[in-house]
> 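Sending over a structure as C-alpha cells; questions will come in a sec.
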Amino acid sequence: MKLSVPGRATGAVVVAAVTLLTTGAITGAAPAPTAAAAAPDIPVANVKAHLAQLQSIATANGGNRAHGRTGYKASIDHVKAKLDAAGFTTALQQFTSSGRTGYNLIADWPGGDANQVVMAGSHLDSVTAGPGINDNGSGSAAILETALAVSRAQYQPTKHLRFAWWGAEELGMVGSKYYVNGLSSANRAKISDYLNFDMIGSPNPGYFVYHCDPTIEKTFKDYFAGVGIATEPETEGDGRSDHSPFKNVGIPVGGLFSGADYIKTAAQAAKWGGTSGQAFDRCYHASCDTASNIDDTALNRNADALAYAVWTLSS
C-alpha cells in the first residue's frame with residue numbers, strides 16, 4: 001500500500017505492444033461453462049511458500065523488490081513462470097516511472113464470457129526500505145495461489161477470469177492507473193468486478209472489507225459470517241491502493257485488508273484478538289516487513305475468502 005501522501009511519479013510512460021492488454025482480446029480455446037463449483041480451500045502452506053520465494057528474491061537483490069530494481073523484475077518473472085506453467089495466457093505490460101522501467105503482469109484463464117470479466121489484482125512492488133512481505137507479498141502470493149487453484153481444478157467459470165500483479169503502486173498506483181487508462185471504454189465495461197488485495201497477513205490483524213460495490217462487499221461478508229469472523233468496513237486504505245483507478249472510472253470494486261499503520265482499538269482486540277494500542281502492522285514500510293511479519297491465520301482466512309469471491313462472482 002502506498003504512503004498516505006502519494007509520491008509523485010515522473011517520466012513518460014512507454015507503451016508495450018501487447019494486444020491482450022490494450023484490446024482485452026483473449027486467446028485460447030473457450031471451454032463450455034459448467035455448473036457453479038464450490039471454491040477450494042487455499043493451502044496457507046502454499047501461500048507461505050510463495051512468500052518465502054519473494055523473501056529470497058529480496059534478500060538476493062539488495063533487500064527489496066521496489067519499482068525499477070532488480071528485485072521487482074525477478075519477482076514478476078517468478079510469478080509469470082508459475083502462471084505460464086499452469087496454462088494461463090500471460091503478458092507483461094511495460095511502463096516508465098521516475099526514470100525506471102516498471103511492469104504489470106496480466107494473466108488470463110482461457111474460457112468464460114469475454115464480455116464479463118472478474119479480475120483480481122494486487123501490487124507486487126515493495127518500498128525500497130524492505131522486502132515488502134506483508135505489503136504486498138501477502139496479497140500477491142494469495143492471488144497467485146488462487147490462480148494456481150483455478151488451474152488445478154481446471155475450473156470452467158461462466159465469466160472470464162483475469163489476474164493482475166501491479167508495478168509501482170508505492171509511487172502512486174502508477175501501474176494500475178496505466179492499465180486502466182489504456183483500456184477503451186468498451187473494454188472497461190467488460191470488467192464486471194475488480195477485487196483488490198493489499199496487505200492481508202498483518203501480524204496484529206483486523207478483518208476489513210472494502211465498502212464499495214455492494215455485491216462484492218456482500219460476497220466477502222457472507223464468507224466471513226460463515227466462518228464466524230466479524231468484519232468492519234475498510235477505511236484506512238481508501239484511495240491508497242490499486243482499486244482506486246478502477247473505481248474512478250466506474251468499474252465495480254471490492255477487496256480485503258488486514259491493516260497497516262492505524263492502531264488497533266481495545267474493541268477490535270476483543271473481537272479479533274491481538275494487541276490493542278499497537279499498529280496492525282508495526283513493520284509497515286520498514287525493513288522488518290519480512291517473512292516473519294505475517295499472521296498465518298489472517299493470511300489463511302483472507303486467502304480462502306479471496307478464492308470464495310473469485311468462484312462465487314465468476315460462476
Side-chain angles (χ1 to χ4, degrees), residues 37-61 65 71 74-88 90 105 107 109 120-124 126 130-155 161 163-165 195-208 220 223-224 226-229 231 255-259 272-274 280-281 283 288-312:
D41 178 77
I42 299 299
V44 71
N46 292 5
V47 182
K48 293 275 286 183
H50 300 316
L51 292 178
Q53 289 290 336
L54 295 177
Q55 176 68 68
S56 295
I57 287 169
T59 300
N61 288 277
R65 302 178 302 98
S75 296
I76 211 156
D77 288 346
H78 173 76
V79 174
K80 184 177 186 298
K82 294 278 189 184
L83 295 164
D84 287 340
F88 283 82
T90 64
L105 173 62
W109 181 241
S122 65
H123 76 88
L124 188 56
S126 73
I133 299 304
N134 187 36
D135 184 15
N136 183 37
S138 59
S140 293
I143 290 180
L144 174 57
E145 188 57 29
T146 299
L148 296 179
V150 166
S151 176
R152 287 192 297 268
Q154 287 296 291
Y155 180 41
L161 285 178
F163 298 87
W165 290 260
L195 314 177
N196 196 64
F197 303 92
D198 188 354
M199 303 179 65
I200 60 170
S202 302
N204 189 29
Y207 293 88
F208 299 100
F220 284 122
Y223 173 80
F224 282 109
V227 295
I229 303 296
T231 62
L256 300 176
F257 180 56
S258 55
W272 295 322
F280 294 101
D281 184 356
C283 290
C288 57
D289 187 10
T290 64
S292 62
N293 189 49
I294 291 288
D295 182 89
D296 289 3
T297 299
L299 185 67
N300 187 32
R301 288 170 173 167
N302 283 313
D304 287 340
L306 188 170
Y308 175 84
V310 166
W311 255 255
T312 301

> Just verifying a value: how many Å separate Phe208 CZ and Thr231 OG1, rounded to the nearest 0.5 Å?
9.5 Å
> Parallel under 30°, tilted from 30 to 60°, perpendicular over 60°: which one fits the rings of Phe88 and Trp109?
tilted
> Looking at every non-hydrogen atom in both residues, tell me the closest pair between Cys288 and Asn293 and how far apart they are.
O-CB, 3.6 Å
> Which heavy atom of Gly259 sits nearest a heavy atom of Met199, and at what distance?
O-CE, 3.4 Å
> If you look at every heavy atom in Pro131 and Ala58, which pair is closest and at what distance?
CB-CB, 3.4 Å
> Once you round to the nearest 0.5 Å, how far does NE2 of His78 lie from CZ of Arg65?
10.5 Å
> My understanding is that only residues two or more places apart in sequence, or in another chain, count here; which of them pass salt bridge (Lys or Arg N to Asp or Glu O under 4.0 Å) with Asp77?
Lys73
> So does Glu145 pair up with Arg152, basic N to acidic O under 4.0 Å?
yes
> Less than 4.5 Å apart, side chain to side chain, heavy atoms only: is that true for Asn46 and Ile42?
no
> Not counting sequence neighbours, which residues clear side-chain contact (heavy atoms from CB on, under 4.5 Å) with Asn300? List them please.
Val44, Asp304
> I want to know whether Tyr223 and Trp311 have ring centres closer than 6.0 Å.
no
> Which heavy atom of Ile133 sits nearest a heavy atom of Leu51, and at what distance?
O-CD2, 3.8 Å
> In sequence, state the C-alpha distance, the side-chain angles, and the governing distance for His123 and Asp135, and then conclude on side chain to side chain donor-acceptor pair (under 3.5 Å).
CA-CA 8 Å; His123 76 88; Asp135 184 15; 3.0 Å; yes
